[in-house]
Novice: 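Please read through the structure below; I'll follow up with questions.
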Amino acid sequence: MSDVHHISGEHLSLERIQEIISGNYSLALSADAEQRIQKCYDYLQDKMKQNERSIYGINTGFGSLYKNKISNSDLEQLQRNLMMSHACGTGQEVPQEVVKLMLLLKVQSLAYGHSGVQVQTVKRLIDFYNRDIYPIVYQQGSLGASGDLAPLAHLCLPLIGLGEVHYQGYKLESRHVLEMFSWEPIALKAKEGLALLNGTQFMSAYGVYNLLQARRLSAQADLIGALSLDGFDGRIEPFNELIHKVRPHKGQLQTAETFRNLLDGSELIVQDKVHVQDPYSFRCIPQVHGASKDALRYAEEVFLTEINSVTDNPNIFPDEDEIISGGNFHGQPLALALDFMAIAMAELGSISERRSYLLISGTRGLPDFLVAEPGLNSGFMITQYTAASIVSQNKQFCTPASIDTIPSSNGQEDHVSMGANAATKLYQVVQNVERVLAIELMHAAQAIDFRRPLKTSPVLEQLYSSFREAVPFVSTDRVLHDDIMKGIDFLRNYRS
């Protein structure tokens, strides 16, 4: 039996999400969450019976069709039509690990009791999560403004027996999965389709997933950078606490301290140096890695606020007897943070590629291209090409999506965030940075081999030894694609 995470009013942290995902927790509604959902639903149903006035998205059309009043007899069909008409995503499928987060975050948002949905609807989303039933969602289609409409339509189509899902390695029509578990399709009630489709869970899930990966890669960039520094016979002075105290950016201070700790006990770092300075890609690691850490901290604050919020429209406040149409679904805070994260992560890859280049440059007593017989062997010549190609692609991906907007819905939705495009671009950047760091680790480990018999620090020797179990020393040319892939897999599983 897996552990159970009870969805409640308690805020989710990144650490808790990581624990839920990696620990394969199942989900359940807490009693207070179920009570809030039911209370809001009951309030809305009573309100509809007592009130004939137009309430956006509940008894009106959507977007620029808000002027069209819908009769009470057609309200359920209105919500079903909304779900079907908005399911027009295209492009590549969203990775299943991101879809899983979308389900978790959608449930969390609905559980605050300001959306007017049925308890059974939320529980069915939980059923999908617990049974590893992942709706097929497409990457393209959201403007990141009136919620992630198209992606969330695809996420929620299986509730009404439409769309497709991934289940146990198969792509199936959702109606077959419902039959498999003897589940009836959900009959959507007033406002329910809108509550499911409005919201920022596509952007948020990508943001959370990439933040979790970025945390790991930022720490690994420090580890690998420290190993490269020793492999390059670099100097420790640029990491001295005194110079960082007089420019005390938090990330810079943190990075310098991390490097001092990582290099403690290294025979290489304390040996006499011929050179009095290192190139910036080594000397300015605290400033560059540190700035990325600070950017990630900002993004984390934004996303923690978002995933613990209500982001559909209109918002229902039973205690205040208010139903208010606003714009909590607009993704501007996320779009800016996603673009900033992409830039911050790309810089970790950019400076990593420069260190890889220096390690193969035939200086500081290292052989050309880090191979014993250069000429006959090309060694690591082309791994640097690969890293350079990836870094260049990241620069293209880092053109901000958030500066763009295209009016939609006959001008009613006249400013959009394009945060969804920022989210999918960021995913590519993070994947690319992982590849570039894997290449640097190959170069760094090879450089350490040429520094023997001197040793690096105990922490870095552990990194080196573990890596060498996966990727052996390159004595003569071999197919290095295989080594790169093993290096990527190593980074995904390495725990220092």
Novice: So, are R16 and E10 salt-bridged, with charged N and O less than 4.0 Å apart?
Specialist: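 Salt bridge flag = no for E10 with R16.
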Novice: Heavy-atom count around Y385 OH within 6.0 Å, excluding the residue itself: above 12?
Specialist: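 Counting other residues, nucleotides and ligands, OH of Y385 stays at 12 neighbours or fewer.
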Novice: List the atom of F259, the atom of G225, and the distance in Å for their closest heavy-atom pair.
Specialist: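 Taking every non-hydrogen atom into account, CE2-C, 3.7 Å.
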Novice: Count the heavy atoms belonging to other residues, nucleotides or ligands that lie under 6.0 Å from CD of E15, then report whether that count exceeds 12.
Specialist: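 Check passes, neighbour count above 12.
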Novice: Passes side-chain contact (heavy atoms from CB on, under 4.5 Å), Q18 versus R215? Steps please.
Specialist: CA-CA 11 Å; Q18 181 70 70; R215 277 183 165 189; over 6 Å; no
Novice: Does any non-hydrogen side-chain atom of Q201 lie less than 4.5 Å from one of D148?
Specialist: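 The answer is no; the side chains never approach within 4.5 Å.
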Novice: Are any of the side-chain nitrogens in R364 or D278 under 4.0 Å away from the carboxylate oxygens of its partner?
Specialist: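 The answer is yes: the pair qualifies as a salt bridge.
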Novice: Heavy-atom count around Y357 OH within 6.0 Å, excluding the residue itself: above 12?
Specialist: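 No.
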Novice: Measure across D312 and N328 and return the closest heavy-atom pair with its distance rounded to 0.1 Å.
Specialist: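 That would be O-CB, 4.4 Å.
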Novice: Could you tell me whether a side-chain N or O of S109 sits under 3.5 Å from a main-chain N or O of S309, the two making a donor and an acceptor?
Specialist: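 Indeed, once roles are kept as given, a pair shorter than 3.5 Å links the two residues.
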Novice: Keeping S266 on the side-chain end and I269 on the backbone end, is there a donor-acceptor pair under 3.5 Å?
Specialist: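 Between the backbone of I269 and the side chain of S266 there is a qualifying donor-acceptor contact (under 3.5 Å).
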Novice: Please determine if R452 and E461 form a salt bridge, counting it only when a charged side-chain N lies under 4.0 Å from a carboxylate O.
Specialist: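 Looking at R452 and E461, the cut-off is met.
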Novice: K100 and E97: salt bridge (charged side-chain N to carboxylate O under 4.0 Å, His left out), yes or no, with the steps?
Specialist: CA-CA 5 Å; K100 186 172 187 175; E97 58 266 26; over 6 Å; no
Novice: Give me the atom names and distance for the closest heavy-atom approach of R235 to H275.
Specialist: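 Shortest heavy-atom separation between R235 and H275 comes out as NH1-O, 2.5 Å.
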Novice: Would you please say whether a donor-acceptor pair under 3.5 Å links the side chains of S361 and T363?
Specialist: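 Present: a donor and an acceptor within the cut-off.
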Novice: Side chains of M442 and Q446, heavy atoms from C-beta outward: is any pair under 4.5 Å?
Specialist: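 They are not in side-chain contact.
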Novice: With the side chain counted from C-beta on, respond yes when V99 and L155 share a heavy-atom pair under 4.5 Å apart, and no when they do not.
Specialist: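 Side-chain contact under 4.5 Å: yes.
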Novice: Salt bridge between E434 and R216, side-chain N to carboxylate O under 4.0 Å?
Specialist: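 Answer for the salt bridge query: yes.
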Novice: For Q254 and R297: C-alpha separation, side-chain torsions, deciding distance, then whether side-chain hydrogen bond (donor to acceptor under 3.5 Å, both in side chains) applies.
Specialist: CA-CA 13 Å; Q254 179 186 345; R297 257 190 292 271; 3.1 Å; yes
Novice: Around atom CD of E301, are there more than 12 heavy atoms from other residues, nucleotides or ligands closer than 6.0 Å?
Specialist: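 No - once you tally the heavy atoms of other residues, nucleotides and ligands closer than 6.0 Å, there are 12 at most.
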Novice: Heavy-atom count around Y280 OH within 6.0 Å, excluding the residue itself: above 12?
Specialist: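 Count not over threshold, so no.
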Novice: Determine whether the side chains of D132 and Q96 contain a donor N or O and an acceptor N or O closer than 3.5 Å.
Specialist: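 Side chains of D132 and Q96: no pair found under 3.5 Å.
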Novice: State which residue, out of N210, L338, V94, fulfils the side-chain contact (heavy atoms from CB on, under 4.5 Å) condition with Y427.
Specialist: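 Of the listed options, the one satisfying the test is N210.
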Novice: Go through E257 and H244 one step at a time and tell me if the side-chain contact (heavy atoms from CB on, under 4.5 Å) criterion holds.
Specialist: CA-CA 10 Å; E257 181 182 12; H244 302 290; over 6 Å; no
Novice: Working note: V429 + V433, criterion side-chain contact (heavy atoms from CB on, under 4.5 Å); need CA distance, chi angles, decisive distance, verdict.
Specialist: CA-CA 6 Å; V429 169; V433 170; 4.3 Å; yes
Novice: With the side chain counted from C-beta on, respond yes when F369 and T383 share a heavy-atom pair under 4.5 Å apart, and no when they do not.
Specialist: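 Not in contact.
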Novice: Can you list everything that forms a side-chain hydrogen bond (donor to acceptor under 3.5 Å, both in side chains) with H289? Sequence neighbours excluded, please.
Specialist: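 So H289 forms a side-chain hydrogen bond (donor to acceptor under 3.5 Å, both in side chains) with D222, R355.
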Novice: Which atoms form the tightest heavy-atom contact between P286 and P238, and what is the distance?
Specialist: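 Heavy atoms only, the tightest pair is CG-O, 4.0 Å.
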Novice: Show the numbers, then the answer: is there a salt bridge (charged side-chain N to carboxylate O under 4.0 Å, His left out) between D32 and R36?
Specialist: CA-CA 6 Å; D32 65 299; R36 282 195 303 272; 2.8 Å; yes
Novice: Could you check whether any side-chain heavy atom of L426 comes within less than 4.5 Å of a side-chain heavy atom of V430, counting everything from C-beta outward?
Specialist: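 The answer is yes, as the side chains (C-beta and beyond) meet within the 4.5 Å cut-off.
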Novice: Could you check whether K273 pairs with D233 (Lys NZ or Arg NE/NH1/NH2 to Asp/Glu carboxylate O, under 4.0 Å)?
Specialist: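 Yes.
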Novice: Rounded to the nearest 0.5 Å, how far apart are CZ of F397 and CE of M345?
Specialist: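 With rounding to 0.5 Å, CZ (F397) is 14.5 Å from CE (M345).
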Novice: Check this for me, if you would: do K123 and D127 make a salt bridge, where the nitrogen-to-carboxylate-oxygen distance has to be below 4.0 angstrom?
Specialist: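 Here K123 does not pair with D127 in a salt bridge, since their nearest N and O are not under 4.0 Å apart.
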Novice: So which heavy atom on A111 is nearest to which on L29, and how close?
Specialist: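 Minimum heavy-atom contact is CB-CD2, 4.4 Å.
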Novice: Using side-chain heavy atoms (C-beta onward) and a distance below 4.5 Å, is Q108 in contact with N308?
Specialist: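 Side chain of Q108 against side chain of N308, heavy atoms only: contact under 4.5 Å found.
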Novice: For a side-chain hydrogen bond (donor to acceptor under 3.5 Å, both in side chains) check, start with the C-alpha distance between S352 and E440, then their side-chain angles and the critical distance, and finish with the verdict.
Specialist: CA-CA 6 Å; S352 170; E440 183 188 354; 2.6 Å; yes
Novice: Are F380 and H443 close enough that their ring centers fall under 6.0 Å?
Specialist: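 Yes, close enough.
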Novice: Do E413 and S146 have a side chain donor and acceptor closer than 3.5 Å?
Specialist: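 Checked: E413/S146 side chains pair up, N/O donor to acceptor below 3.5 Å.
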Novice: What is the distance from atom CG of L212 to atom CZ of F303, rounded to the nearest 0.5 Å?
Specialist: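 That separation rounds to 11.5 Å.
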Novice: Please report the closest heavy-atom contact between S281 and L358, naming both atoms and the distance.
Specialist: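 Shortest heavy-atom separation between S281 and L358 comes out as OG-CD1, 3.2 Å.
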Novice: Please check if the side chain of E267 supplies one atom and the backbone of K455 the other of a donor-acceptor pair under 3.5 Å.
Specialist: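 It does hold such a pair.
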Novice: Do L152 and L196 have side chains that approach each other closer than 4.5 Å (heavy atoms only, starting at C-beta)?
Specialist: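 They are not in contact (no side-chain heavy atoms under 4.5 Å apart), so the answer is no.
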Novice: Looking at side-chain heavy atoms only, is the closest gap between I7 and L104 below 4.5 Å?
Specialist: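 The answer is yes; the side chains approach within 4.5 Å.
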Novice: Say whether, by atom type as modelled, one donor and one acceptor occur between the side chain of R468 and the main chain of V471 under 3.5 angstrom.
Specialist: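 Yes, the answer is positive, given that a donor and an acceptor are paired below the 3.5 Å cut-off.
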Novice: Salt-bridge test for E93 and K171: reply yes if a basic N is under 4.0 Å from a carboxylate O, no otherwise.
Specialist: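 Salt bridge between E93 and K171, a charged N being under 4.0 Å from a carboxylate O: yes.
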